[in-house]
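See below for the structure under consideration.
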Amino acid sequence: MSPDKPLLSESESLVIRRRKSGSFSRHISFPSSIFYDVQSGNNYDVKDIDTTSAGDSSFHSAVEHYTSATEKDLKSSESQFCQQLPLECPTRDRRRLVLQGAMEQHDINNNIVPFEISSTPSRVQEKLNKSQRVRHKSVQFEDNLLPDDNSRSIYINDPKKTNDKYEFTGNEIRTSKYTIITFLPKNLFIQFHRVAYLYFLAIAALNQLPPLAVFGRTVSLFPLLFVLCVTAIKDGYEDWRRHRSDRNENNRESLVLQSGDFLPKKWKNIEVGEVVKIFADETIPVDMVLLGTSDQSGLAYIQTMNLDGESNLKTRYARQEMASAVSSECCAVTGVIRCEQPNRNIYEFTANMEFNGHRFPLSQSNIVLRGCQLKNTDWIIGVVVYAGQETKAMLNSAASPAKRSKLEGYMNRETLWLSIFLFIMCLVVALGMGLWLVRHKDQLDTLPYYRKRFFTEGPDNGKRYRYYGIPMEIFFSFLSSIIVFQIMIPISLYITMELVRLGQSYFMIEDGDMYDANSGSRFQCRSLNINEDLGQIRYVFSDKTGTLTENKMEFRRASVHGKNYGNSIVMADNTIVFTDVAVSGQRRWKLKSDIAVDSELSTLLHTDSNRDERIAAHEFFLTLAACNTVIPILSCGTIESNEDIKGIDYQGESPDEQALVAAASAYGYTLFERTSGHIVIDVNGEKLRLDVLGLHEFDSVRKRMSVVIRFPDNVVKVLVKGADTSMFSILADGNEDIQHATQGHLTEYSMLGLRTLVVASRKLSDVELEQWQSRYEEASTSLTDRGTKLRQTAALIECNLNLLGATGIEDKLQEGVPEAIESLRQAGIKVWVLTGDKQETAISIGLSCKLLTPDMQQIIINGTSEIECRNLLADAKAKYGVRSLSRRYQSLRHKTNDGHGDLEIPNQTKSLNLPKRGPPREEGITAPLALIIDGNSLVYILEKELESELFDLATFCRVVLCCRVAPLQKAGIVDLIKSRTDDMTLAIGDGANDVSMIQMADVGVGICGQEGRQAVMASDFAMGQFQFLKRLLLVHGHWNYQRVGYLVLYNFYRNAVFVLMLFWYILCTAFSTTSALTDWSSVFYSVIYTSVPTIVVGVLDKDLSSRTLLQYPKLYGAGHRHEAYNMHLFWITMIDTLWQSLVLFYIPLFTYKDSTIDIWSMGSLWTIAVVILVNVHLAMDIKHWVLITHVAVWGSIVITFGCMVVLDSVPVLPNYWTFYHVAKSPTYWITILLIIVVGMLPRFICKVVYQVFWPSDIQIAREAEIMRKQHGHLGSRQGVSS
């Protein structure tokens, strides 16, 4: 796509505005962060999504509401200002301003009517609406930019007047959930949101009724009370810690201006409008506007780690107008600040200030937020604008959207079947009871519990029984059966799964193979609900920069005045391999990192051979050093005891900018001082002070940034850098040869995988400067549409530029990425890369990481209209024989396969080969396909009714590569798969622009990289490098899925076999709902007797070693085929359960039918037998025996015997001494042995037959693993014997 070719007509222009431009004139504050645009082949602005305070994971998109210029209430001069200015350079044809995601519409008079699209974090989890696929389902227009009547006024150093008029909140914070009074009711209310808890509460309540008291009333409450108490204690402890943290936070002290002096005051008592003083390394207690700092220029450094996780320093500025009124001992500033209402956007602040009769703007660079720390600055003084719960940190303290395991959803389906079984059993007992009563109605007076009068001696003699009649007795029998069979619905399963997931997370965290030594970061489990989902991932959506690459930028190539430089740095005889000391004559600067320097370019800067080329090179590096927001940090001492060498490092929020400034320093243009009004650059030993008149920071509409500089000779220039697509359209006519050569170099750089920028400048006349300054001042003080007006003002000077050159920055590929992607591909996982970089750069990186292979046929979709995109998709589908899959997937989502019970898996997928969907390709086309699509095309495809076409084509391809996409488009692509298939999705990224994608996917993984911790704080899992994803999925994901799948089935079996045994007993006792087991045995069965082995096996069992799983990635396909948990296995388990329950009941019954053994002795036998049976059943399925597994399985049997001995030794219990009596008989032990053998025999035979004749891939791999170990042992023995 040529840079001057329009992308969209202005009426169709779709723009998601990411942040307002905050700029400054000579006396206006300097913004703190500039980032490059995704479409420029550079970093997207990572500040496009709000982040949260420490410990929370909620991230919100920046939201801004721009009111239509045609509305009646905006007839001010500001509205007229918007209509007067063109958005683009007046000397050029109007260009389209497409950005994935922002819109600037035009009214009938062709006036620009901007508006914002936004979303909240809870909306990120919602499905993206078809008509709003680029943005989130919920479109909200918030009041970031408010009319004056909706703003808040802060009277500086007059809190009484401020708060009397507006009643602002105090500064006391509260993060706790409960108080002493509300803890019990509120905690119980939250816990009983689980339907299972309500079920068991109803059971316990029924058991309290006299006609239904099957168990002891206390005993029936024990399981539910145990679960509720454990959870309540945990919640209470966590909330107590929150209370303690809140108390410590609220009682901290800061200096507040009171009666002319700065006196200590507790944080909770600080009010809006008060003036606060903060010293170095102290934490900011409120959101406050800076009035003055210890630096004469008003500069202050802050660290925002507690707010957004970023450790690098950021700059904030106090207005120069107030410098004379602020000192370290006093603050004589009075005035009014009018600012926006509190909002979550930590990267925006819109306000203005009236001081000494003047009105000037305040931006994000003038405010410091609560939770930040003051660094490298002695003190600052500011006025409170937001306090307490209204601070941005507290507004961002919401929790991340909760995710739920897919297997847990299937588990609820099987729980419904168990409920049906429970209902049927209870109905059988109730009807049987009714039939029995009808048959024996004439004998009721002679039967205990049914005859109408007592005939015993004592006070009850002659009294009538509580006999309610046959209909009510049937109803009571039904309810009593529910109580007896209650554990058919396993309440213990919820606790067991939580404990198992906790144990699994511990071993994932402690896995040394997922520890990143470079960053010192270990694996993090931030969500305990979806461990098993890691074993079923079908699609991986990955960011590129910082995820596949290191995000450590190195300056590699430069195109200056149409000539390419940088090729010689790889040649040892023509280059200075590293020049970390920039030679500057009188002074030398030592950079922290080594920078490669091209000797030819370095020579050009110091010779007069080609004057035009030398001047261009001079301005080129001057622009790199000046057009940025990087902060120079000078070392305190000297380097290597050389007074002429001083250390310097650069702090910046963008690695790109740091690399460019460091490169300029290496070539002799060292930025070493920056204030709000000027910068100082050491140019080959000569100090050059440049006055900064204003800066238009980077935004996603313009895709460039510019700075207006006044040189010492009073010449004023605008220095600009930005994306090639936005820069070539605003260059001056002429010099086509240089432009053509530079475009060729940019293409070459992109093919090498480099990130590119174009650099240009021009001189401003006095008339242009005056016009720009007047409009700039008006736009920057506006409280409405400030960003739009600043963009329009920038268009006045960002035109007719002289091209200086272009840069190429290398972002190295992370270690192990190609191998990880290849392993994921072999595992049947599709890897899609969603990046903001240029198409050529993304393709180059795709080839180097083996995502793309040379034999792949690339389908490139670069449409500039809806019709063109539709045609490109249709042509590609026709050429490669792609048939529609949407309808098939929709039908399959509810179609049940006999073997699996959920989504039917295509035959090709059931093998371990990669999925091959669709019909055979066109004759002669056998190569795999790769779809490459840009964000501009996605604007039309996701916004229009072309999603199904894209879905059909994308799922047919082996690889999908999306270039120049916005954050919400990334979420839209993820939702494209989620909404049309049942496949599990995983999104992985490292920056704030990946947050929406991470939260949309079933599993979100954050990379602890160079872009702060926004992605980590929003993720479910976090790790240091992309290559760890291979082990996370193929090893831990496989283990977790196999363990949890078996755990759920085993819990269903364990409880069902116990209930069915009771059911057979009730059928033989006239449907009386009596039990041969003691109440305590029934309760302890799930809680003590059989719970520990389940947990241990769920945490430690391994069907295969990690070595085998990594060596054969196709084994991961077991999760895709639902081999560990499906409806087929559920029914087989239930049939096996039915058989074992019959064996459990009838073998003792037939053995002792002619004996005089009492019912409690039979109950003791059944208790021991069922515990041994289920543990042997578990032992038969364990693949990996370790010491703790032996202790848990066999120890639980020993504990059961011990409990039986204790319970049978209590005289008041009905089963007193029964165990001692029956255990003396050999028949007792032979019966138990017979039960185990007969009960397990069918299962054993089936397992042997299946493993011999129909072995699964996992079973084959296990046999190979065992044989390898045996050969290893045999070889070692032979070596020893020899």
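Just so it is clear, the structure is predicted and the values come from calculations on it, not from any experiment.
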Which value, rounded to the nearest 0.5 Å, describes the distance between Tyr1041 atom OH and Asn531 atom CG?
14.5 Å
Should the ring pair Tyr1050 and Tyr1053 be called parallel, tilted or perpendicular, given that the plane angle runs from 0 to 90° and is split at 30 and 60?
tilted
Is it the case that His1122 and Gln536 place a side-chain donor and acceptor less than 3.5 Å from each other?
yes
With side-chain contact (heavy atoms from CB on, under 4.5 Å) as the test, would you mind laying out the steps for Leu534 and Met508 before giving the verdict?
CA-CA 12 Å; Leu534 294 171; Met508 286 193 287; 4.2 Å; yes
For the residue pair Ser1196 and Val1092, establish whether any side-chain heavy-atom pair is separated by less than 4.5 Å.
no
Salt bridge (Lys or Arg N to Asp or Glu O under 4.0 Å): which pairs involve residues 1098-1110, sequence neighbours left out?
none
Is any side-chain heavy atom of Gln1042 closer than 4.5 Å to a side-chain heavy atom of Ile1258?
yes
Got Arg522 and Met514 here, is their nearest side-chain heavy-atom distance under 4.5 Å?
no
Within the side chain of Asn1126, is there an N or O that forms a donor-acceptor pair under 3.5 Å with the backbone of Leu1129?
yes
Rounded to the nearest 0.5 Å, how far does CG of Leu986 lie from CD1 of Ile829?
8.5 Å
For the pair Lys1114 and Asp1257, evaluate salt bridge (charged side-chain N to carboxylate O under 4.0 Å, His left out) and give the outcome as yes or no after the intermediate values.
CA-CA 9 Å; Lys1114 291 183 180 181; Asp1257 298 319; over 6 Å; no
Taking all non-hydrogen atoms of both residues into account, name the closest pair between Leu1100 and His1184 and its distance.
O-CD2, 3.9 Å
Hey, what do you get for CD (Glu819) to CG (Leu1110), rounding to the nearest 0.5 Å?
12.5 Å
Using every non-hydrogen atom in the two residues, find where Ala971 and Met1000 come nearest and quote the distance to one decimal.
O-CG, 3.6 Å
side-chain contact (heavy atoms from CB on, under 4.5 Å) involving Trp240 - partner list, sequence neighbours excluded
Tyr237, Arg244
Does the side chain of Lys830 reach to within under 4.5 Å of the side chain of Asp983, using non-hydrogen atoms?
no
For Tyr1085, all residues meeting ring pair (Phe, Tyr, Trp, His ring centres under 6.0 Å), sequence neighbours excluded
Phe1058
Are more than 12 heavy atoms, taken from residues, nucleotides or ligands other than Trp417, located less than 6.0 Å from that residue's CH2 atom?
no
Assess whether atom CZ of Arg174 is packed by more than 12 heavy atoms of other residues, nucleotides or ligands within 6.0 Å.
yes
Test of understanding: with ring pair (Phe, Tyr, Trp, His ring centres under 6.0 Å), list the residues that count as partners of Phe1084, not counting sequence neighbours.
Trp1080
Restricting to non-hydrogen atoms, name the atom on Val1044 and the atom on Met497 that form the minimum distance, rounded to 0.1 Å.
CG1-CE, 4.0 Å
Could you verify whether a donor N or O on one side chain and an acceptor N or O on the other, from Glu408 and Asn412, lie under 3.5 Å apart?
no
side-chain contact (heavy atoms from CB on, under 4.5 Å) assessment of Tyr1116 paired with Ile537
CA-CA 9 Å; Tyr1116 185 80; Ile537 300 299; 3.4 Å; yes
Got a sec, which residues hit side-chain contact (heavy atoms from CB on, under 4.5 Å) with Leu184, two or more places apart in sequence or on another chain?
Leu188
With heavy-atom distances below 4.5 Å as the criterion, would you say the side chains of Asn529 and Glu498 are in contact?
yes
Consider only side-chain N and O atoms of Asp1002 and Thr985, and report whether a donor and an acceptor are under 3.5 Å apart.
yes
What distance separates Ser527 OG from Arg501 CZ, expressed to the nearest 0.5 Å?
8.5 Å
Is the count of non-hydrogen atoms from other residues, nucleotides or ligands lying under 6.0 Å from Ile1188 atom CD1 greater than 12?
no
Answer yes or no: is there a side-chain heavy-atom contact under 4.5 Å between Phe1026 and Leu1029?
yes
According to the interplanar angle, ranging from 0 to 90°, do the rings of Tyr1125 and Tyr410 count as parallel (below 30°), tilted (30 to 60°) or perpendicular (above 60°)?
parallel
Where Cys849 and Val817 come nearest, the two heavy atoms and their spacing
CB-CG1, 3.8 Å
Which value, rounded to the nearest 0.5 Å, describes the distance between Phe1021 atom CZ and Ile530 atom CD1?
4.5 Å
If the condition is side-chain contact (heavy atoms from CB on, under 4.5 Å), which residues does Thr1108 pass it with, not counting sequence neighbours?
Leu1104, Ser1105, Tyr1112, Leu1115, Ala1261, Glu1265, Arg1268
Should the pair Lys186-Asp239 be classified as a salt bridge under the 4.0 Å nitrogen-to-oxygen rule?
no
Please check: side-chain N/O of Gln504 versus main-chain N/O of Gly1098, any donor-acceptor pairing under 3.5 Å?
yes
Just by distance, do the side chain of His1038 and the backbone of Leu1033 share a donor-acceptor pair under 3.5 Å?
no
Please lay out, stage by stage, how Ser419 and Ile489 fare under the test side-chain contact (heavy atoms from CB on, under 4.5 Å).
CA-CA 7 Å; Ser419 302; Ile489 311 298; 3.4 Å; yes
Identify the heavy atoms of Asn518 and Gln1025 that sit nearest to each other, and give their distance.
ND2-NE2, 3.8 Å
Listed by chain and number, what are the side-chain hydrogen bond (donor to acceptor under 3.5 Å, both in side chains) partners of Asp1181, not counting sequence neighbours?
Tyr1046, Arg1243, Lys1247
Under a 3.5 Å distance rule, please check whether Ser1019 uses its side chain to pair with a backbone N or O of Val1016 as donor and acceptor.
yes
Run the side-chain contact (heavy atoms from CB on, under 4.5 Å) test against Ser823 and tell me which residues pass, sequence neighbours left out.
Lys1030, Leu1034, Pro1113
Between Thr1189 (side chain only) and Trp1185 (backbone N and O only), is there a donor and an acceptor less than 3.5 Å apart?
no
Here the salt bridge (Lys or Arg N to Asp or Glu O under 4.0 Å) pairs for residues 1045-1058, sequence neighbours left out, are none
From Asp994 atom CG to Lys970 atom NZ, the distance as rounded to the nearest 0.5 Å:
4.0 Å
Passes side-chain contact (heavy atoms from CB on, under 4.5 Å), Gln1027 versus Gln814? Steps please.
CA-CA 8 Å; Gln1027 64 172 332; Gln814 287 186 16; 5.9 Å; no
Quick check: do Glu414 and Met1127 have side-chain heavy atoms less than 4.5 Å from each other?
yes
For Trp1194, give me all partners under side-chain hydrogen bond (donor to acceptor under 3.5 Å, both in side chains), at least two apart in sequence or on another chain.
His1190
How about Phe507 and Asn1040: do any of their side-chain heavy atoms sit closer than 4.5 Å?
no
Taking all atoms of both residues into account, what is the closest heavy-atom pair of Val1005 and Ile998, and its distance?
O-CD1, 3.7 Å
All ring pair (Phe, Tyr, Trp, His ring centres under 6.0 Å) counterparts of Tyr178, not counting sequence neighbours:
Phe183
Qualifying residues under ring pair (Phe, Tyr, Trp, His ring centres under 6.0 Å), relative to Phe189, sequence neighbours excluded:
His193
Donor-acceptor under 3.5 Å (Asp516 side chain, Ser521 main chain)
no
